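Right, one structure below, let's go through it.
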Amino acid sequence: MPFESATVAFGQNDVDFQPTVEETKFNVDEKADVAAADGDLAAIEADRLQHLEDQVDDFGVEMVTKIVSLEDDPTMPVITFRYFLISTLLAAFSGTLGQIYYFKPQVLSISVFFLVLFSYFFGKFLEAILPKGFLNPGKFNKKEHALIVITANTAGIAALANELISSMYLFYDTTLPTWVGIFLVFSSQTIGYGFAGFFRETLVYPRATYYPGTLAQVSVYENLHNGDGISKKMARYFFIVAGITFIYEWLPQYIAPSLIGISVICLATQHLKSDVVAKIFGGASANEGLGMFSICLDWNNLTGYTPMLLPWSTILNMSIGILVCCIFQPYLWYSNTWNAQEYPWMAQGIYSPGGDSYNQSAVLDANYNVNLTAVEEIGLPGLAASYALFLMGANMGLTAGLVHMVLYYREPLLNGLRSTFSKRGESLNQDPYYLVVQKYPEAPLWWYMVLLVLMFALGLVVTQVTNSGLEWYMFIVALIFALILTLVAGFIGATTGWSLSNGVSNLVQMLGGFIKPGNPVANMYFTLFGSNATSQATAMLADLKMGFYMKIPPRATFFAQVYGTFVGAIFSYFITISIITNNKDVLVTVLGNTQWNGAYAQSYNGNAITWGGFAKQMYGPGGPYEWVLYSFILGFFLPLPAYFAHKLFPKVGFNLLNFAVLPWFFGCLCTGINSSMFGTLAIGCFTQFYLRRYKPAFFNKYQYITSAALDAGNQWCALLVTLIVGGAVSTAIPFPYWLMNPDITDGIWYWDGCYNLLNDAASNFTLGAGY
């Protein structure tokens, strides 16, 4: 069947995401035959790129053709001794260090580009020293390299089960048996892989599901391993940019933290000592302000939303959402909506009336059920208004994303589902890269289903032998939710580069709270399997697409993901037990110390208390935060006006509005450092709109390799700063105070020059205790 006749109108942008005759010059069967015969695709690719060189779309799909090669060398070894040695060591490293940082005051995740560079040098080293043969099959190649990174990166994904294990030990004095803990981690991390296998036809095989975040990795692999002059030049460019970034980042990350955010407006109005100005224009310190028009010169913060990787349509929706946030968040505070001024301006915790931390132990009995009599005495917990706004936006984004997907993508989705159940095994949605790897045996669906059944049995056993409070049928309900949400979150992530993880977690927690009310521990288990299964499935889907781009045999990709998960589960579990048993007294305190901090465990437990213990009282009809619940309903209607407007006026651009992304940013500035947000949008607009549209040749050559180099240099610097002077392995060594490193602990000025009302003893501070 020719591509031309298989074309699907995706509706959202009226751009045909399927390859055309001009792109491929031949039909599916012919191409499959050529690929199967190991034919030379270089001429085909050159012809295809000639037609696509100047094409630009606002959704980013065309970038795949400019970055990912169709050439393949099936003789490249993949599962080798080098693979097992490097991937095992890196998986153990990622699983251990990632879990250590879960309990550190300094937050740091293991960047995929850190793994890319480390594994590259390690692989080239083994290539040089190992004897030729079984131990060293020859040149360290890009397929082997990519598979190592897939394994190590899978191992480094923080296991949500360890948050549950930590919370049970720290706040409920319950230690799970070792076998239960290991099985809980492994089952919750892998059960979603069965869902990923089921949705491959819908979320991996189509060309539209191109996973923007994978393109930078592919660009690095291609340039590091290709031997021609252009690739050597680009590899040299990569290391130069990474090296410069590594050296520069010591300034904002250690020597001159004021570079994190410079607020010209705050500096110009310091004589006013205005808290209002600080809240609107400040943002270089945690929970300081919205960071409007701040100048951020720190890539560590600027890269948080990966502005150089997301397509222009996503950047546009981010911009609109942040504009809404900058209007409504101050409005809620200054209008004292939800008694906002009794609680912190920006925070994600739960508080007693008046702003003090909520005493959860006073309202729970020995079986972790809520004591309503005690609740009547001390009152319901309250939320910061900024956090309530964030919850509303995240909830709207989830249901709006479902409607958006149905409105614009229903036909390819149905094609994918039809292909899944096709008795002939024929795919209706095909990517040219999928056709290239058809020469390799596919991992059959029954592999994924067997894994799903085994992990289902394992998860069911561990939830029933523990005092989880989660009945067997509730466990099944959680997995049904995960299956449905995998389709929604997976498709949005695959087409926009945006993750719906927060919205998914909120929805699952809320549904668990309404279905199984009054038991926070049961809510933890419900959320673990309902939410984590979705996030793990979407991560596996992205890795499967990466496997196609790198022409890795699908069965090798499947093995790498399961193997990495197994290694990471073992190491992350035992390091978690070691940390919580030796530092319990520190981890349960609000501030912790310079070595350890239990903020994440406290937050996980606090969310379980809020959603699992008080869902009906807080979010149900008549509750103080009922609009957080109603936002799910609003989300169903949110995409409709833009959709019908696009039908009436198809050339205006209403189709660019993606309501899976846009609402999430309605409350995205509710916590953390926000000085980078406007710089992030500026970078995204400049590169994804201006450069892509008006300088396409420059964009195609440098965009993704530059993003990868900046991230690699930044991550190496962040790791060394944290290990050497940040207190991760020894006593912290703070840099002396100076102009670009002011004392924000006791001084009245933040790093960006904004006024700190809380530290000014001369102020007439009379706002609520939670401020």
Side-chain angles (χ1 to χ4, degrees), residues 159-189 191-192 350 358-375 380-381 455-482 485 504-534 573 576-577 580 588 600-620:
L160 188 62
N162 284 324
E163 297 192 29
L164 188 152
I165 293 169
S166 302
S167 297
M168 293 300 298
Y169 180 81
L170 296 174
F171 305 109
Y172 301 92
D173 295 321
T174 299
T175 303
L176 298 180
T178 299
W179 71 271
V180 171
I182 293 176
F183 286 167
L184 184 66
V185 175
F186 191 61
S187 62
S188 62
Q189 289 293 94
I191 197 167
I350 55 175
Y358 195 75
N359 184 8
Q360 71 174 63
S361 60
V363 298
L364 296 179
D365 62 22
N367 294 318
Y368 317 129
N369 293 307
V370 173
N371 184 335
L372 295 179
T373 302
V375 174
L380 289 170
M455 294 304 104
F456 172 85
L458 201 60
L460 186 61
V461 168
V462 296
T463 56
Q464 299 310 302
V465 300
T466 59
N467 187 20
S468 68
L470 191 70
E471 296 84 354
W472 64 269
Y473 56 87
M474 289 293 293
F475 176 75
I476 295 175
V477 170
L479 293 180
I480 292 173
F481 284 145
L485 292 171
V504 168
S505 179
N506 293 339
L507 176 61
V508 172
Q509 283 188 313
M510 181 172 289
L511 290 173
F514 280 100
I515 298 172
K516 176 72 176 179
N519 192 312
V521 173
N523 189 266
M524 286 189 200
Y525 280 89
F526 188 89
T527 303
L528 172 63
F529 285 96
S531 173
N532 197 59
T534 299
Y573 170 76
T576 295
I577 295 300
I580 62 178
V588 297
Y600 279 110
Q602 295 171 25
S603 175
Y604 184 71
N605 176 65
N607 288 336
I609 296 290
T610 303
W611 297 100
F614 305 111
K616 291 185 177 180
Q617 295 90 338
M618 292 182 64
Y619 305 110

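Just so it is clear, the structure is predicted and the values come from calculations on it, not from any experiment.
For the atom pair CG (Leu164) and OG1 (Thr527), the distance works out to 9.0 Å, reported to the nearest 0.5 Å. Between the CG atom of Asn605 and the CD1 atom of Ile609 there is a distance of 5.0 Å, given to the nearest 0.5 Å. Separation of atoms CD1 (Ile165) and CG (Leu170) is listed at 11.5 Å; rounding is to 0.5 Å. Taking CG of Leu528 as the reference point, atom OG1 of Thr463 lies at 10.0 Å (rounded to 0.5 Å). Here the NZ atom belonging to Lys516 is positioned 15.5 Å from the CG atom belonging to Leu511, to the nearest 0.5 angstrom. With rounding to the nearest 0.5 Å, the separation of CG in Leu176 from CD1 in Ile182 is 11.5 Å.
Phe171 is not listed as a side-chain neighbour of Pro520, based on a closest heavy-atom distance of 4.5 Å or more. Using a 4.5 Å heavy-atom cutoff, the side chains of Val363 and Phe614 are in contact. Within the 4.5 Å cutoff, side-chain heavy atoms of Val477 are placed close to those of Phe481. Between Leu470 and Met524 the shortest side-chain heavy-atom distance does not fall below 4.5 Å. Considering only heavy atoms from C-beta on, Asn523 comes within 4.5 Å of Gln509 through its side chain. Here the side chains of Ile476 and Phe529 are not in contact, with every heavy-atom distance at 4.5 Å or above. Looking only at side-chain heavy atoms (C-beta outward), Val465 and Trp179 come within less than 4.5 Å of each other. Using a 4.5 Å heavy-atom threshold, the side chains of Thr178 and Tyr573 count as touching.
Among all heavy-atom pairs drawn from Ala533 and Ala482, the shortest one is CB-CB, 3.8 Å. Nearest heavy-atom pair across Leu160 and Gln189 is N-OE1, 4.0 Å. The two residues Ile580 and Tyr169 come nearest to each other via the heavy atoms O-CE2, 3.2 Å.
Tested against Thr466, the residues Leu184, Thr174, Val180 include a single side-chain contact (heavy atoms from CB on, under 4.5 Å) partner, Val180. Here the rule is ring-ring contact (aromatic ring centres under 6.0 Å, His included) with Phe475, and of Phe456, Tyr525, Phe526 only Phe456 fits it.
Remark: the backbone N or O of Met455 is not paired with any side-chain donor or acceptor of Ser187 at under 3.5 angstrom.
With sequence neighbours left out, Ser188 forms a side-chain hydrogen bond (donor to acceptor under 3.5 Å, both in side chains) with no residue at all.
No more than 12 heavy atoms of other residues, nucleotides or ligands lie within 6.0 Å of CH2 in Trp472, so this atom counts as exposed by the packing criterion.
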